Number of protein chains: 4
Amino acid sequence: MPRTEWANQAIREQRQAQIRSVAARLFAHNGYVGTRIEDIAQAVSMSKGLLYHYFGSKAELYTTLVDRASRGTVQLFEDAMNRPGTAAERLRWLVTQIVEGLAEQPDMFMVVMQALVSDAVPSEAHDQAIRFAHRVQDLIRAFIREGQQTDEIIAGNREQLALLLGFCIQGLAVAHAIGGAVPPITEALIGLFTGRHGSSAT
Amino acid sequence: MPRTEWANQAIREQRQAQIRSVAARLFAHNGYVGTRIEDIAQAVSMSKGLLYHYFGSKAELYTTLVDRASRGTVQLFEDAMNRPGTAAERLRWLVTQIVEGLAEQPDMFMVVMQALVSDAVPSEAHDQAIRFAHRVQDLIRAFIREGQQTDEIIAGNREQLALLLGFCIQGLAVAHAIGGAVPPITEALIGLFTGRHGSSAT
Amino acid sequence: MPRTEWANQAIREQRQAQIRSVAARLFAHNGYVGTRIEDIAQAVSMSKGLLYHYFGSKAELYTTLVDRASRGTVQLFEDAMNRPGTAAERLRWLVTQIVEGLAEQPDMFMVVMQALVSDAVPSEAHDQAIRFAHRVQDLIRAFIREGQQTDEIIAGNREQLALLLGFCIQGLAVAHAIGGAVPPITEALIGLFTGRHGSSAT
Amino acid sequence: MPRTEWANQAIREQRQAQIRSVAARLFAHNGYVGTRIEDIAQAVSMSKGLLYHYFGSKAELYTTLVDRASRGTVQLFEDAMNRPGTAAERLRWLVTQIVEGLAEQPDMFMVVMQALVSDAVPSEAHDQAIRFAHRVQDLIRAFIREGQQTDEIIAGNREQLALLLGFCIQGLAVAHAIGGAVPPITEALIGLFTGRHGSSAT
DNA sequence: TATGAATGAGGATTCATTCAT
DNA sequence: AATGAATGAATCCTCATTCAT
């Protein structure tokens with residue numbers, strides 16, 4: 001009965017996506033160790049036992065999450081870098097994409113950050129997060145270099161500017177995860193690195 | 001005859017300081033839930049029992065840590081704001097102090113950040129961290145405003161610039177906590193917010 | 001397919017009853033603090049973990065026990081007081097019921113007594129036991145008064161006779177709990193308070 | 001320096017008596033397992049370490065307590081039995097002595113009762129308490145027999161009456177230990193077993 | 001004699017994971 | 001596919017006891 005099988009497969013993936021989404025929220029707020037399988041199961045209204053039909057273990061679920069989120073983010077950065085347009089335009093596109101992503105999934109990025117910082121996570125997730133951070137940093141550095149060559153990005157030590165730009169993006173993500181309303185900040189961020197500052201109106 | 005009162009007091013404070021220092025490192029890397037009392041005890045070469053002689057519970061130890069670190073950091077920001085000198089000088093002093101503090105105690109700040117972000121920490125610590133974040137953000141905003149009034153700080157929306165400056169400082173702390181060597185970044189940071197950028201030499 | 005709701009419910013109640021019964025025995029002999037959850041679990045042939053599936057904590061289990069036993073005993077006293085028949089008949093019924101109850105569950109009463117006497121038990125259990133003792137004492141006093149009005153109970157200060165009758169019933173329960181064979185004592189007890197003593201044959 | 005030694009010895013015994021008294025109170029209310037050495041030390045305003053100069057261990061302290069209290073009580077019963085006078089007079093003397101003893105040391109008896117009932121006490125204390133209970137029960141039985149032979153004690157099965165008299169005395173002790181004011185009950189108790197009841201005035 | 005720092009075994013509780021149904 | 005009963009290793013915390021001073 002191929003149709004049934006196909007339907008099953010569809011349901012399976014739908015369920016997995018749902019679990020990932022809910023798990024991301026819980027992991028982001030409670031950390032890997034602080035999140036219980038029971039919590040996740042309850043949040044998706046299914047039994048613990050059933051959860052294990054969809055994910056082999058807590059570690060696997062977490063690692064999958066980190067993997068997807070970090071791959072997705074790297075992809076986003078690569079797309080931004082490879083776009084046509086001025087540095088400011090590309091940076092605007094990137095930050096806009098990130099902010100939009102954070103608006104619908106404020107937790108994914110946070111999970112990656114925790115995996116990056118913490119030793120108390122599955123080592124695969126930790127390693128993946130570190131690779132992610134390096135890759136992103138490389139992309140940012142490349143972006144800065146290109147921007148400086150066309151005088152679109154302010155002068156200064158590339159390595160340092162890249163770090164600072166990374167900090168700003170990371171801070172943006174953390175601010176979204178904490179939960180309070182984050183004011184639109186994109187233009188200020190772009191201004192900071194392009195040297196074209198707006199007026200001081202509040 | 002018993003040890004003198006004074007000797008006991010000295011032992012107590014010495015031990016407590018030692019525990020705080022080690023605990024900060026472990027909490028920073030493993031989170032509140034992921035850090036075992038046993039780990040801390042071993043790292044200070046003392047038995048679990050003795051640790052409980054000095055701190056009533058894991059929660060109390062953690063909360064004490066967050067409390068001290070956040071109070072200290074707020075104090076640092078206040079001192080920086082109240083100094084004489086140009087905005088650039090004061091910002092330089094602040095960042096220098098922070099970087100130096102991070103050099104000796106790279107973990108304290110990280111603990112506060114986790115307490116800020118995570119729900120899986122003692123609620124007192126979480127609340128304290130939130131108060132801390134608001135206070136610091138207020139101080140940064142005030143600093144930005146003053147700097148803009150004397151044209152020492154770049155133009156732009158104060159609220160947004162304050163957030164971005166906060167992000168940079170926070171990113172600096174996270175970078176230190178992760179462990180890799182962090183290049184000196186102070187001047188680049190100052191340049192970003194004063195609009196006086198150096199040359200693009202790597 | 002999961003077990004039916006009904007089956008689960010049945011398992012739960014069966015297990016809980018089993019745990020209560022065994023726990024009563026251990027608590028009666030070792031006290032609240034002296035009884036280990038591990039002991040109870042082993043005595044019911046289940047893992048500690050499973051026990052916590054059925055009772056949230058040692059304190060909750062104990063309190064439940066005290067609650068049930070004291071409610072049941074008060075009910076027994078009320079039933080005895082509200083029966084038709086002479087004072088002697090009602091007292092006989094009560095003591096008979098108590099002795100029968102002690103024969104199947106010699107420990108329940110003892111648990112209530114410990115909760116009454118000890119400060120080292122959950123305060124809810126302690127309070128409940130104190131309320132229980134007062135209520136029972138009131139019922140006994142009322143019984144004595146009625147019996148004296150119809151000259152079925154010996155003359156004498158009601159308050160004092162009520163205490164003494166209470167002591168005798170309590171002593172009966174303690175004697176059963178200790179474990180040795182307790183000789184039938186009902187008629188002697190009734191004779192004591194009705195003034196109709198049998199012969200002195202051993 | 002014999003005088004110093006003698007003085008030391010006196011202090012030592014004084015301290016031990018103080019410790020016994022305080023420990024009795026705590027053991028009576030919290031049980032053997034529920035009472036911590038630290039609690040006792042604090043209650044006598046001395047350090048844990050010093051306490052161990054006076055008693056080798058918690059078990060030893062407890063056992064000593066049970067031993068002294070049970071020996072003393074048996075002695076009291078023997079004295080009562082061996083006195084001249086009618087059964088009523090001897091019973092009155094005994095109960096009076098017990099009530100007076102309970103007034104100044106309400107806890108000693110309770111400790112023996114717990115040692116009797118509980119398995120969670122040092123086995124020596126438990127055994128001693130059981131021997132005590134048997135001995136007292138024998139003495140009461142002998143008293144009843146003698147009293148019945150001279151028609152001073154009501155007729156009825158000796159064994160059963162002895163148990164009931166024991167229950168009453170035990171109940172008295174428990175009532176004192178619980179703490180509320182216990183009304184004078186001596187005469188009612190004597191009346192119960194001699195068959196000479198007072199009037200029913202409240 | 002006197003203190004309290006120090007130890008470590010023991011006990012309550014949690015939670016990832018498995019499994020019978 | 002679905003449930004939750006069942007397990008036990010892991011973790012927090014306590015406390016009797018010892019010992020340096």
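Just so it is clear: chains get the letters A, B, ... in the order the sequence lines come, proteins before strands, and each one is counted from 1. Model, not experiment: these values are computed from the prediction.
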Minimum-distance nucleotide to D/Ser47 side chain [options: E/dT3, F/dC13, E/dA12]: E/dT3
Given F/dC15, F/dC13, E/dA12, the nucleotide with the shortest approach to the side chain of B/Ser57: F/dC13
Mind calculating the distance between [atom1] ([X]) and [atom2] ([N]) to the nearest angstrom?
X       : N      : atom1 : atom2 : value
B/Lys48 : F/dT11 : NZ    : P     : 11 Å
A/Tyr52 : E/dT18 : OH    : P     : 7 Å
B/Met46 : E/dG8  : CE    : P     : 13 Å
B/Leu50 : F/dC19 : CG    : P     : 16 Å
D/Asp39 : F/dC15 : CG    : P     : 8 Å
A/Arg36 : E/dT13 : CZ    : P     : 15 Å
A/Ile11 : F/dA2  : CD1   : C1'   : 13 Å
D/Gln42 : E/dG4  : CD    : P     : 10 Å

Is the shortest side-chain N/O distance from [X] to OP1 or OP2 of [N] below 4.0 Å?
X       : N     : result
C/Arg12 : F/dA5 : yes
C/His53 : F/dA6 : no
B/Arg15 : E/dA6 : yes
C/Tyr54 : F/dA6 : yes

Side-chain donor-acceptor contact under 3.5 Å, C/Gln42 with C/Glu38: yes
Check: A/Ser70/A/Gln128 side-chain N/O donor and acceptor closer than 3.5 Å: yes
Can you tell me how far the [atom1] atom of [X] sits from the [atom2] atom of [Y], to the nearest 0.5 Å?
X        : Y        : atom1 : atom2 : answer
B/Leu50  : B/Ser45  : CG    : OG    : 11.5 Å
C/Phe109 : C/Leu116 : CZ    : CG    : 9.0 Å
D/Asp107 : D/Gln114 : CG    : CD    : 10.0 Å
B/Thr64  : B/Gln16  : OG1   : CD    : 8.5 Å

Sugar-phosphate only, base, or nothing, as touched by D/Ser45 at under 4.0 Å among non-hydrogen atoms: nothing
More than 12 heavy atoms from other groups under 6.0 Å of CD on D/Glu124: no
Whichever of A/Gly49 and C/Gly49 has its nearest DNA chain F nucleotide further upstream toward 5': A/Gly49
Angle by which the axis turns from one end of the helix from E/dA2-F/dT21 to E/dT21-F/dA2 to the other, five pairs per end, to 10 degrees: 0°
